[in-house]
Structure formats: structure tokens, C-alpha cells
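Scope of the values below: all heavy atoms of this structure, side chains included, with no hydrogens, waters or symmetry mates. Note that the structure is a prediction, hence the values are computed from the model and not measured.
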Amino acid sequence: MNIFLSFIKKAIDDKNYVSFTYENKLYKSVKPLKLSNENLLHTNKGVFEFSKIKNLTVLKDRF
């Protein structure tokens with residue numbers, strides 16, 4: 001299992017915001033809502049392909 005995948009699952013469970021880079025665009029304070037088939041990340045700012053997410057950071061802030 002990818003370590004970023006386990007971090008994102010923990011962030012979903014704990015309702016923490018995340019920050020990441022996706023296709024050279026920075027997304028800050030994103031609410032991760034669910035993972036579908038462990039390939040797509042559904043958030044409040046859209047749906048992202050998990051394999052294209054880089055520099056994932058779980059923030060301490062909660063929603």
C-alpha cells in the first residue's frame with residue numbers, strides 16, 4: 001500500500017484538511033471526502049486521480 005494512500009485514509013477518518021500538488025497546481029485546505037476504488041479522491045474542490053497527486057500534506061486543521 002502506498003504511504004500517501006494511508007495518510008489520505010487517516011485524513012478522511014479524522015476529518016483533516018489536506019494540501020497537495022496536482023498537475024503542477026497547488027491545492028490548499030482541501031476537504032477529502034472519500035476514495036473510490038483507491039484511484040479517485042473525491043473532495044470539495046473536485047475529483048482527483050490519486051496517482052497524479054504529489055506533495056501530499058495532511059494539515060492539523062479540521063473541518
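The aromatic rings of Y22 and F20 sit perpendicular, their planes meeting at an angle over 60°, well past the 30° parallel limit.
Hydrophobic clustering, with ILVMFWY side chains joined whenever heavy atoms are under 4.5 angstrom apart, keeps L5 apart from V47. Both I3 and L56 sit in one connected hydrophobic cluster of ILVMFWY residues. Membership requires side-chain heavy atoms under 4.5 Å apart, directly or through other members.
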Practice task
Decide side chain to side chain contact (heavy atoms under 4.5 Å, CB included) for K28 and Y17; before the verdict, give the C-alpha distance in whole Å, the side-chain angles of both, and the deciding distance to 0.1 Å.
Solution key: CA-CA 8 Å; K28 294 182 181 179; Y17 286 102; over 6 Å; no
Practice task
Apply the test side chain to side chain contact (heavy atoms under 4.5 Å, CB included) to residues I53 and F48: give CA-CA distance (whole Å), side-chain angles for both, the deciding distance (0.1 Å), then the verdict.
Solution key: CA-CA 8 Å; I53 293 175; F48 301 95; 4.2 Å; yes
Exercise for the section: Could you go through the side chain to side chain contact (heavy atoms under 4.5 Å, CB included) check for Y27 and T43 one step at a time? Expected result: CA-CA 11 Å; Y27 291 88; T43 69; over 6 Å; no
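Inter-residue side-chain proximity for N16 and R62 is flagged as met; some heavy-atom pair is nearer than 4.5 Å. With contacts defined as side-chain heavy-atom distances shorter than 4.5 Å, the pair F63/P32 qualifies.
Rounding to the nearest 0.5 Å gives a distance of 8.0 Å between NE2 of H42 and CG of L35. Put simply, CZ on F7 and CD1 on I12 are 14.0 Å apart, with the number rounded to the nearest 0.5 Å. Distance check, rounded to the nearest 0.5 Å: CG of L33 to NZ of K15 gives 9.5 Å.
Few gaps surround NZ on K45; more than 12 heavy atoms of other groups in view lie less than 6.0 Å from it.
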